[in-house]
Colleague: 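A single structure is presented below for examination.
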Amino acid sequence: AVEDELLAWANAHEELKAELDGSQETRNQLEAELRVALAEQRQIEHESQRVERLTRELANSSHETATLQTQLQQMHSLNAMQQESAASSAVEGAQMKSELTTARRELRLLKVQLDEEKAMHADAQLQLKQLGGGRGTGADAPVRWPALQAAAAASGQHALVAAIETASSNEA
């Protein structure tokens with residue numbers, strides 16, 4: 001009976017040793033799985049931190065994008081105003097150029113008229129000299145300036161009228 005009991009104890013010891021070895025193996029596997037799980041947990045935490053950082057960067061980027069869009073809209077508005085101003089300036093410039101061209105044309109016409117008036121004035125002075133030709137010698141009677149002036153005015157020779165006025169004031 002002692003031998004049977006010892007044998008039973010030996011068998012039980014072997015079974016317990018086998019269970020212990022199995023438990024040790026299971027423990028080693030569980031520890032390895034725990035190490036893997038801890039490594040995965042650290043990686044997940046690292047990824048979570050990375051996601052949080054990317055989320056913050058995305059929020060900042062969204063804010064910057066909104067700011068840039070606002071600035072872009074402002075620049076578009078400014079550009080539109082500048083284009084309107086440039087168009088208005090171009091219209092004003094064209095109007096001024098047209099007015100300048102008109103003024104130059106009128107100035108040329110006035111110059112032609114002035115040249116004609118000068119020529120008529122010179123002709124009138126020449127006619128006056130011819131009419132009053134011998135006055136300085138005392139042989140002729142004095143020139144009647146008012147009568148000459150009235151005759152020139154009646155014939156529409158304004159330059160002659162002006163020349164007669166000048167001549168009569170010079171004689172006086």
Side-chain angles (χ1 to χ4, degrees), residues 1-126 152-153 155-163 165-166 169:
V2 173
E3 276 184 18
D4 285 337
E5 204 173 305
L6 279 175
L7 187 58
W9 276 98
N11 284 340
H13 178 70
E14 287 298 322
E15 284 178 23
L16 286 174
K17 188 175 178 189
E19 280 183 36
L20 182 61
D21 287 344
S23 293
Q24 187 65 35
E25 210 172 287
T26 302
R27 181 179 173 198
N28 289 343
Q29 283 179 342
L30 288 175
E31 285 177 349
E33 288 176 12
L34 179 61
R35 282 191 298 273
V36 168
L38 289 173
E40 286 177 355
Q41 182 182 5
R42 283 191 301 273
Q43 187 173 357
I44 289 171
E45 287 173 357
H46 177 71
E47 288 297 319
S48 293
Q49 290 172 352
R50 183 171 172 256
V51 167
E52 288 173 5
R53 181 178 52 83
L54 289 174
T55 302
R56 283 191 308 273
E57 288 177 5
L58 181 60
N60 289 340
S61 177
S62 295
H63 177 71
E64 289 174 8
T65 301
T67 301
L68 289 173
Q69 284 177 336
T70 301
Q71 289 175 351
L72 183 61
Q73 289 172 346
Q74 291 171 345
M75 289 173 65
H76 281 308
S77 296
L78 180 62
N79 188 21
M81 289 188 322
Q82 288 174 339
Q83 286 178 348
E84 287 176 18
S85 176
S88 176
S89 293
V91 168
E92 288 176 10
Q95 288 173 342
M96 288 175 66
K97 186 175 181 182
S98 174
E99 291 171 4
L100 181 61
T101 301
T102 302
R104 284 181 178 162
R105 189 176 311 122
E106 289 174 0
L107 187 59
R108 281 193 298 269
L109 290 175
L110 289 173
K111 185 178 182 315
V112 167
Q113 288 176 351
L114 179 63
D115 290 344
E116 289 173 356
E117 289 289 326
K118 283 181 181 178
M120 287 173 44
H121 184 70
D123 286 346
Q125 283 185 337
L126 181 62
S155 65
Q157 294 184 358
H158 301 293
L160 183 58
V161 171
E165 285 177 12
T166 304
S169 66

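Residue numbers start at 1 and run along the sequence shown. Side chains included, hydrogens not; waters and symmetry mates left out as well; all remaining heavy atoms used.
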Colleague: Going by heavy atoms in the side chains, are Glu99 and Thr102 under 4.5 Å from each other?
Modeller: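 Answer no - side chains too far apart.
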Colleague: Out of curiosity, Thr55 OG1 to Asn60 CG, how far, rounded to the nearest 0.5 Å?
Modeller: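 Rounded to the nearest 0.5 Å, the OG1-CG separation comes to 11.0 Å.
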Colleague: Taking atom CD of Gln73 and atom OG of Ser77, what is their separation to the nearest 0.5 Å?
Modeller: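 One finds 7.5 Å between CD of Gln73 and OG of Ser77.
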Colleague: Indicate yes or no: at least one non-hydrogen side-chain atom of Gln74 is less than 4.5 angstrom from one of Leu78.
Modeller: no
Colleague: Can you tell me how far apart CG (Leu72) and OG1 (Thr65) are? Round to the nearest 0.5 Å.
Modeller: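 That separation rounds to 11.5 Å.
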Colleague: Does His63 reach the side chain of Thr67, with side-chain heavy atoms less than 4.5 Å apart?
Modeller: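 Of all side-chain heavy-atom pairs linking Thr67 with His63, at least one is under 4.5 Å.
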Colleague: Say you draw a straight line from CG of Leu54 to OG of Ser61; how long is it, rounded to the nearest 0.5 Å?
Modeller: 11.0 Å
Colleague: Taking everything shown except Glu25 itself, do over 12 heavy atoms lie less than 6.0 Å from its CD?
Modeller: no
Colleague: How long is the span from the NE2 atom in His13 to the CG atom in Leu6, to the nearest 0.5 Å?
Modeller: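 So the gap between those two atoms works out to 12.5 Å.
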Colleague: Donor-acceptor pair, Ser85 side chain versus Met81 backbone, under 3.5 Å?
Modeller: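 Such a contact is absent between Ser85 side chain and Met81 backbone.
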Colleague: Got a second to check how far Leu7's CG is from Asn11's CG, nearest 0.5 Å?
Modeller: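 So the CG of Leu7 and the CG of Asn11 are separated by 4.5 Å.
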Colleague: May I ask you to decide whether Glu47 forms a salt bridge with Arg50, counting only side-chain N to carboxylate O separations under 4.0 Å?
Modeller: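 Arg50 and Glu47: salt-bridged.
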Colleague: For atom CZ of Arg53, decide whether the heavy atoms of other residues, nucleotides or ligands shown that lie under 6.0 angstrom number more than 12.
Modeller: yes
Colleague: Measuring only between side-chain heavy atoms, which start at C-beta, is Glu33 closer than 4.5 Å to Leu30?
Modeller: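 Sidechains of Leu30 and Glu33: in contact.
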Colleague: With a 4.0 Å cut-off, would you call Asp115 and Lys111 a salt bridge?
Modeller: yes
Colleague: For the CD atom on Gln43, are there more than 12 heavy atoms of other groups (residues, nucleotides or ligands in this structure) within a distance under 6.0 Å?
Modeller: no
Colleague: With a 6.0 Å cut-off (strictly less than), is the heavy-atom count around CD of Glu3, excluding the residue itself, greater than 12?
Modeller: no
